[in-house]
Number of protein chains: 2
Amino acid sequence: MAGIDDVARRAGVSATTVSRALSGRGRVSEKTRERVRRVADELGYVASATAASLATGQTMSVGVLVSLTGRWYFATVLDGIAARLAPHGYDLTLYDLTDDAAQRQLLFETSLRRGRVDGILALTVTLSDDEIDALLGLGLPVVGLGTPSPRVPALRVDDRAVARAAVAHLLALGHRRIAHIGNSKGPGAGCDVPTQRHDGFVEAMTDAGVPCPVFVQTDFTVADGRRATLELLQREEPPTAIFAASDELAFGAIFAARERGLRVPDDLSIVGVDGHEMGELFGLTTIDQFPRRQGERAAEHMLALLTATDDPTPPAAPPATVPVVPARVPDISTTVPVIPARVPAISATVLSEPLPFELVTRTSTAPPAE
Amino acid sequence: MAGIDDVARRAGVSATTVSRALSGRGRVSEKTRERVRRVADELGYVASATAASLATGQTMSVGVLVSLTGRWYFATVLDGIAARLAPHGYDLTLYDLTDDAAQRQLLFETSLRRGRVDGILALTVTLSDDEIDALLGLGLPVVGLGTPSPRVPALRVDDRAVARAAVAHLLALGHRRIAHIGNSKGPGAGCDVPTQRHDGFVEAMTDAGVPCPVFVQTDFTVADGRRATLELLQREEPPTAIFAASDELAFGAIFAARERGLRVPDDLSIVGVDGHEMGELFGLTTIDQFPRRQGERAAEHMLALLTATDDPTPPAAPPATVPVVPARVPDISTTVPVIPARVPAISATVLSEPLPFELVTRTSTAPPAE
DNA sequence: CTGAAAGCGCTTACAG
DNA sequence: CTGAAAGCGCTTACAG
């Protein structure tokens, strides 16, 4: 692999000039820049990320904390993040969070501390207080997406509102025996996404005069949704409608209904949350939260933090929503020019306005039979 | 963040010794090592990945080339890879491949050349000849998983055999009008996965006396599977069975059948490929290829290449299957000790024996009606 | 506009 | 077993 000195020699300039010509930082005559670019291309020279990182203190990489295990939502969000990061020359380091204690410890106490990333995007994963401490103690910008802790600045949808919208839809159809399945650890257990949805459900039901609505706690897979629904359906007073905290749970509910010989929506109405790609085929009514777009916005927000020139006057208004970096796709032929960044202090706990969501009505919901 | 000199000073030794004590490379008295460890813990010191990389030439990171877009299979494989890499102290840099030409060019001509990873895992993605050239020209170990090019050493299942097993199952049930839906670019178009499955299908059908079996080319989503199946079902002689090249396509086929008022399996039998988590709920008969395990094995293989000490006698037998690095989970409390690696030349095009697969018979297949 | 030199924070022969 | 010094390959004040 050619090094910067090879290019310098061949172009008849110093390494300093090569660095400047290729990075776009500092003045270089157009003529010199041209020549250096050409030589770099000939030699196939690209600056070593490692060496550049050590010299600049920037890694040009963003870490993403996620628990991939089979969840469609996360894969989709991740895809959105990757799509936004790449054109800006940022790599994406994936930290797949498992339940394994040793692995988590290794992650938070070592991997994350090795300084390999400039910032961290924490997707909705349940983190312990210690883990949050570790995360915030990194001294890096951290942006959450629907994160569990109020201490992590996060983009998020108003999950109570999501739940209320789903329940309102069912109530409007005439349902009263509405059950909820989700992964809330119980009423008021925290501010994590499943609990918010649970609380929103309870609020809406209470407002409608059903103070103690039925809730079944379960994990987030299709199989779990099926199991929880089967359990609900064999109760004395089975629900006429189910609000599932995710589309995958809702799919499971549809399978369960089918197994019991119930028709959806005639005998059982079902609403999910997410906007899963298979929702349309299942005819699932859902609250779409546009996961890919969420990933894009989270990435945009991170980029904004990372490329913010350390303005002496800290912006009164927080970095706000989207405007972010203009779609300045770097010169592809050579090195990626980058605005030098200084990590700004992050102020707000909740960023900008909540993320959008939308009720998508399909064929899994209808008025109750009787 | 504390640096190595802080630790050295406080422990009363040189930086050299700190490095040795924490990395496990080189002799250090047990007593000194203890003290250094303790001080490092107190100070929360972890060696900078960037500085260490520059000094050693190893990044302790593996790049994964994948096209995430919604495909369950890839997310699952990725999860398997991450699970295997993490305990060995390797990070995972995700390169999400899109169809965008500019982004791909940026990836192959710049991102990948910045020397940020020690090796590359290329999941089944369609790469152009130029891209393969770029990949192989990196001078890094590259391991494919079901990769399109014969030039990339890869772990793979025998996809022709997969197809034959699926078709054999249908033939044994008495089907003759068997159609295939998949993403082969046509007969004999290459050695990529979809084409292999297609060719295996044709072989099996030809052997059974059906020389020109029906094939519909389509993308790999559930919606595509539905569309392709709807098309097949309105032909003059609709198939009695469908072999879908993925479980997601098969799900789409099931939806299509249902839409047309056909019962599965009575009126239409359906077989998929993958071992998708929702397969059981759909009652889908499938060829399970254990995707998570595939990811794990690909990661293990890469680790074996990366940690192979450059043995002067090149092993006559290729690195072979699994034995790999013993499950030597590094000392979590401090820095990760690592066997110094020299990248060995990779010889074989096809690695070890093919990956396993298995027919899982469920309720989507049965003898044809008449 | 251009370059020599110092420095980023580690690791590793080399010497003791 | 331990340390001083060079070096990994860039970038960036500083000086011209």
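Side chains are part of it too, since the values below use all heavy atoms of this structure and drop only hydrogens, waters and symmetry mates. To find a chain, count down the sequence lines: A is the first, B the second, and so on, and within it residues start at 1.
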When you measure from the side-chain N and O atoms of [X] to the phosphate of [N], is any distance below 4.0 Å, counting only OP1 and OP2?
| X | N | result |
| --- | --- | --- |
| B:T32 | D:dT2 | yes |
| B:S19 | C:dT11 | yes |
| B:R27 | D:dT2 | no |
| B:S14 | D:dG3 | yes |
| A:R25 | D:dT12 | yes |
| B:T16 | D:dG3 | no |
| B:T56 | C:dT12 | no |
| A:S23 | D:dT11 | no |

Please state how far atom [atom1] in [X] lies from atom [atom2] in [N], giving the value in whole angstrom units.
| X | N | atom1 | atom2 | value |
| --- | --- | --- | --- | --- |
| A:Q58 | D:dC10 | CD | C1' | 13 Å |
| B:R35 | D:dT2 | CZ | C1' | 12 Å |
| A:R20 | D:dA15 | CZ | C1' | 11 Å |
| A:L54 | C:dA6 | CG | P | 17 Å |
| B:R114 | D:dC8 | CZ | P | 22 Å |
| B:Y45 | C:dG9 | OH | P | 10 Å |
| B:M60 | C:dT11 | CE | P | 12 Å |
| A:I4 | C:dA5 | CD1 | P | 16 Å |

When you measure from the side chain of A:R116 to the backbone of B:T59, do you find a donor-acceptor pair of N or O atoms at a distance under 3.5 Å?
yes
Could you tell me whether the side chain of B:D118 and the main chain of B:V62 form a donor-acceptor pair under 3.5 Å?
no
Base, sugar-phosphate, or nothing: which does B:T50 touch, judged by heavy atoms less than 4.0 Å apart?
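Since no nucleic acid heavy atom lies under 4.0 Å of B:T50, the category is nothing.
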Under 4.0 Å, heavy atoms only, any strand: does B:T17 hit a base, just the sugar-phosphate, or nothing?
sugar-phosphate
Closest nucleotide of DNA chain C for A:E30 versus for B:S48: which of these residues is on the 5' side?
A:E30
Residue pair [X] / [Y], side-chain donor-acceptor N/O under 3.5 Å:
| X | Y | value |
| --- | --- | --- |
| B:S29 | B:T32 | yes |
| B:T50 | A:T50 | no |
| B:S14 | B:T17 | yes |

Intermediate values then yes/no, salt bridge (Lys or Arg N to Asp or Glu O under 4.0 Å), B:E30 and B:R33:
CA-CA 5 Å; B:E30 199 42 54; B:R33 185 187 305 274; 3.8 Å; yes
Gap in Å between the two P atoms, one belonging to C:dG9 and one to C:dA13, rounded
23 Å
Given the C1' atoms of D:dG16 and D:dT12, what is the spacing between them in whole Å?
16 Å
For C:dG3, which nucleotide in any strand shown is its Watson-Crick or wobble partner with both distances under 3.5 Å?
D:dC14
On DNA chain D, more 5' by nearest nucleotide between A:A55 and B:A51 is B:A51
